[in-house]
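These notes are about the structure you will find just below.
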Amino acid sequence: MNINFKNEKFNNVYKDYIINKNKSDCKNMKFIMEKIKRITNIFTKISPECDRLYKITKKKVVTKKYASGGELLTRGYLCPSPIYDIVTGNCSRGKMINRISKFKKITYEYGFDKNNNLIIANHLTLDQYELLLHINNVVLGIVFEYSSNQRCVILLINECVYDNKGLIISYTQGECFDNNSISCLNIERYNYVELGLKEAYVSQVTIDEKSPVIDNTKYIFQHDKNGYLANYTVEPSMFEDNMFKVEIKRKI
């Protein structure tokens, strides 16, 4: 479908946007196909073992912490994405709760092992559970719920990859479908400079029988003199005024 605008300048900007977007989509295709295969394989292997793995992991919890809010984010306050709540409107991580009381609504329960690794993240409001498996520099998160017959139904698979300094370099989330397959992926990749996060590449992938439908976005960040994120731009963009202020005070 071709779209034409009466304003010639805006029409040309739109055409450039579509051309750049299509180039970006093709460039990432191989990487995305490999991610689809990997997340699908994880789902296939973990699915029959989910309940057993969760119970084993739960026994390793030595410390529990709690948070309120952050309902729209995976793991709420401890969401692994460093940018999601920055580039998405009306999205908050919530806050940690130091003291539990009947007057405070608890959204998330976190469990840590003896090495202070996060291994359990339960969404108490939705009755959803997540077990986290630490494998070298990769952390796999399996989000599931129990069906009426107490069978584990996997909803999401989260894969976080870290470098040797502990910085997250990619975060992939696969959404599971009713037919025991992955229906869509959200892939974030990050590049850093001395000040911190410089670029984030986000690929939103819808999977069908023929080929994935991909939407790629690049976020470029600037820092203030104190090292906090200050502004970011978006590529590709249809707008001349493409500078956005980071409203959250954060160092990454």
Worksheet entry | Ring centers of Tyr77, Tyr110 separated by less than 6.0 Å |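 Not close enough - the centres of the two rings lie 6.0 Å or further apart.
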Item to complete: State yes or no: are the ring centers of Tyr146 and Tyr129 separated by less than 6.0 Å?
Response: yes
Worksheet item: Does Lys198 make a cation-pi contact with Tyr192, if we ask for NZ or CZ under 6.0 Å from the ring centre and within 45° of the axis?
Response: no
Side chains of [X] and [Y]: does their closest heavy-atom pair fall under 4.5 Å?
X: Ile120; Y: Thr57; answer: yes
X: Thr125; Y: Lys105; answer: yes
X: Tyr171; Y: Asn186; answer: no
X: Leu197; Y: Arg250; answer: no
X: Ser203; Y: Asp215; answer: no
X: Ile187; Y: Tyr201; answer: no

Practice prompt. List the steps, then state whether side chain to side chain donor-acceptor pair (under 3.5 Å) holds for Asp163 with Tyr190.
Written response: CA-CA 11 Å; Asp163 66 12; Tyr190 318 104; over 6 Å; no
Fill in: CG on Leu229 to NE2 on His223, rounded to 0.5 Å
4.5 Å
Worksheet item: Does Gln150 CD have over 12 foreign heavy atoms under 6.0 Å away?
Response: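 It does: Gln150 CD has more than 12 such atoms within range.
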